[in-house]
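What follows is one structure encoded as structure tokens, with my remarks underneath.
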Amino acid sequence: MLNAFKSHMAQTFPELLRDPFLLACSGGLDSMVLAHMCHALQLNFALGHCNFQLRGPSSEGDEALVRQLGRSWNIRCFATRFETQRHLENHGGSLQVVARDLRYRWFQEVLENENLHYVVTAHHANDRLETFLINLSRGTGLEGLSGIPEKRQAIRRPLLPFSRADILKYAQAHNIPWREDSSNTDTKYLRNKIRHEIVPKLHELHPSFLHNFAQTQNRLGALEIILENHLSDVRKEVFKQKGGLVHISIDALSPLRPLDTYLYYLLKDYGFTAWKDVKSLLNGMSGKEVRSKTHRLVKHREVLLLSPLGDRSRDTFPIFRENHLIQHPIILDIQKVDKIGEQGKNILYVDKETLKYPLLLRKWGKGDYFYPMGMQGRKKLAKYFKDEKLSVIAKEEQWLLCSGEDIVWVIGRRPDERFKVSPKTREILKFETSL
């Protein structure tokens, strides 16, 4: 197995032969064998161990074995302890998900602090099969069927071509010690149930099942790459970045077939799951929207507007003086000038004596109105926005410059008639934004 492992490393993971890495070692069979093979190849690595403090003396024994291994090889060993049970009580969630998140967050910290380039884990062929069956049972797309990737960001998994039987045989042949986790036999966990009850039945049906499955999953992985290349071309045609938003052309999207599948693969990374609602936006009224936990999709005329959910606070921000540059919530430069100079939609000149301090920066609200410059009478902002054909998102992001209750400027769009510079003006203020 060592020769096969060496060949696999040279072909697939040349970076691990060159750069220092952190080897995640639990003290179990798989990670101990991985550590011994990496040591046999004289690779530059450190050990990383997570003690979740869930199994009392057994957890202590796992940590002691990994630390002893590091000492015996004279290599660095990093270990941490998590208050896992307290974390579960305070934050909830499943044990497996919480433990994984804690583990990988700590791994990333070690990489950054210790000048290590990768995290190497001991996932193997059986893990791949078990993950496939878990994803299949829960419902998944092609990415869930493609299984555990060999490489993802800083994670490397060089044992994926090898089975648990291969690993056990190597450990026994080389007298490698390891620790057994008693929870691995508890079939109340889905993965263990699949491991101990379902996978053996599959091997009974076909002795080479694991090998055949690996070949099939490799083909699925290749198909996923082909699909992503195609989707990348589709995104270039359908998605257009404009003004901080993604504009998705409904005319370009609607002819795609099967449409449901395209919608899933184009939008799944933004957290959407209510696919019937997403599809209904294509023929919905302007202003209709669907939200995920992280993003929103809004119908606006002939496009869907995609944007991250952000802070849409209605807080007001006071301005107490002129002749300074405001950096938040928007950039606004306020200067006293002698005369009107350069003009544009992002520049406003006002009669200083018409203003009441403190001025306010705020978002618009129901009932707001102003007196648009060049027009007779007042106009509600809602009607103004409608006439300007602003999207729901653009309206929510619009800032107002106000003097008391009065709107001085719909910033970057239209000033108010009441504050304009006139022949009687004695002092002029210039407001300039970089919107």
Side-chain angles (χ1 to χ4, degrees), residues 138-146 223-314 329-330 345-346 362-366 368 380-400 410-414 433-435:
R138 292 172 175 168
T140 185
L142 182 59
E143 70 283 358
L145 299 180
S146 299
L223 183 60
E224 187 179 13
I225 294 173
I226 293 172
L227 173 63
E228 186 50 47
N229 289 337
H230 170 65
L231 290 174
S232 179
D233 292 337
V234 172
R235 288 189 190 96
K236 291 176 183 177
E237 294 296 321
V238 179
F239 287 35
K240 304 295 181 183
Q241 191 79 32
K242 297 180 182 179
L245 301 174
V246 176
H247 290 232
I248 303 174
S249 168
I250 294 175
D251 287 342
L253 189 63
S254 296
L256 298 175
R257 293 293 182 274
L259 181 57
D260 291 20
T261 303
Y262 273 101
L263 287 174
Y264 171 79
Y265 279 104
L266 290 171
L267 295 171
K268 66 181 178 64
D269 290 341
Y270 302 101
F272 293 102
T273 55
W275 298 110
K276 287 182 64 176
D277 294 338
V278 170
K279 188 176 181 181
S280 71
L281 287 182
L282 301 182
N283 299 310
M285 296 177 59
S286 285
K288 186 177 180 182
E289 68 175 71
V290 177
R291 295 189 180 201
S292 70
K293 291 182 179 180
T294 58
H295 287 75
R296 65 193 305 218
L297 199 59
V298 181
K299 170 70 177 292
H300 178 62
R301 300 181 182 275
E302 301 306 317
V303 297
L304 301 179
L305 301 177
L306 177 66
S307 65
L309 292 176
D311 181 12
R312 292 157 61 190
S313 170
R314 295 290 299 279
I330 61 172
K345 69 176 184 177
N346 291 334
R362 66 172 177 86
K363 296 294 184 72
W364 78 287
K366 186 177 181 181
D368 275 341
K380 285 192 173 183
L381 268 184
K383 180 67 165 60
Y384 170 74
F385 289 154
K386 182 177 181 181
D387 292 345
E388 293 294 306
K389 300 179 180 179
L390 267 64
S391 69
V392 171
I393 295 174
K395 287 187 285 187
E396 291 174 354
E397 294 180 346
Q398 179 64 56
W399 286 96
L400 308 176
V410 182
I411 297 177
R413 298 188 185 277
R414 194 77 172 262
T433 184
S434 58
L435 288 175

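Any value given below was found using the heavy atoms of this structure, including those in side chains, with hydrogens, waters and symmetry copies removed.
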Begin from the C-alpha positions of Arg362 and Asp368 and carry the test side-chain contact (heavy atoms from CB on, under 4.5 Å) through to its verdict. CA-CA 11 Å; Arg362 66 172 177 86; Asp368 275 341; 2.9 Å; yes
Go through the steps to decide whether Gln398 and Leu381 satisfy the test side-chain contact (heavy atoms from CB on, under 4.5 Å), and finish with yes or no. CA-CA 11 Å; Gln398 179 64 56; Leu381 268 184; over 6 Å; no
Please report the C-alpha distance between Lys363 and Glu396 in whole Å, then the side-chain angles of each, then the deciding distance to 0.1 Å, and finally whether the side-chain contact (heavy atoms from CB on, under 4.5 Å) criterion is met. CA-CA 7 Å; Lys363 296 294 184 72; Glu396 291 174 354; 5.7 Å; no
Go through Asn283 and Ile250 one step at a time and tell me if the side-chain contact (heavy atoms from CB on, under 4.5 Å) criterion holds. CA-CA 9 Å; Asn283 299 310; Ile250 294 175; over 6 Å; no
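Heavy-atom contacts from other residues, nucleotides or ligands closer than 6.0 Å to NZ of Lys240 number more than 12. Surrounding NZ of Lys268 are more than 12 heavy atoms belonging to other residues, nucleotides or ligands, all under 6.0 Å away.
The two residues Lys299 and Leu282 come nearest to each other via the heavy atoms NZ-O, 3.4 Å. Taking both residues in full, the closest heavy atoms of Leu231 and Tyr265 are given as CD1-CB, 3.5 Å, listed atom of the first, atom of the second, then distance. Taking each heavy atom of Glu143 and Glu224 in turn, the nearest pair found is CB-OE2, 3.1 Å. Considering all non-hydrogen atoms of both residues, Trp275 and Leu263 come closest at CZ3-O, 3.4 Å. What you find for Arg296 and Phe272 is that their closest heavy atoms are C-CZ, 3.9 Å. Pairing each heavy atom of Val303 with each of Ser249, the nearest pair is CG1-CA, 4.3 Å.
Taking OG1 from Thr273 and CG from Leu267, the interatomic distance works out to 11.5 Å, rounded to the nearest 0.5 Å. Interatomic distance, CZ of Arg413 versus CD1 of Ile411, reported as 11.0 Å (0.5 Å rounding). Here the CG atom belonging to Leu304 is positioned 11.0 Å from the NZ atom belonging to Lys288, to the nearest 0.5 angstrom. For the atom pair CG (Leu305) and NE2 (His295), the distance works out to 13.0 Å, reported to the nearest 0.5 Å.
When atom types are taken as modelled, the side chain of His300 and the backbone of Lys389 share a donor-acceptor pair closer than 3.5 angstrom. One N or O on the side chain of Ser280 and one on the backbone of Asp277 form a donor-acceptor pair closer than 3.5 Å.
Ring geometry, Phe385 versus Trp364: the interplanar angle exceeds 60°, so the pair is classed perpendicular (tilted spans 30 to 60°).
Looking at heavy atoms from C-beta onward, Leu297 lies out of side-chain contact with Glu289 at the 4.5 angstrom threshold.
Salt-bridge annotation for Glu388 and Lys395: absent, with no side-chain N of the basic residue lying under 4.0 Å from a carboxylate O of the acidic one.
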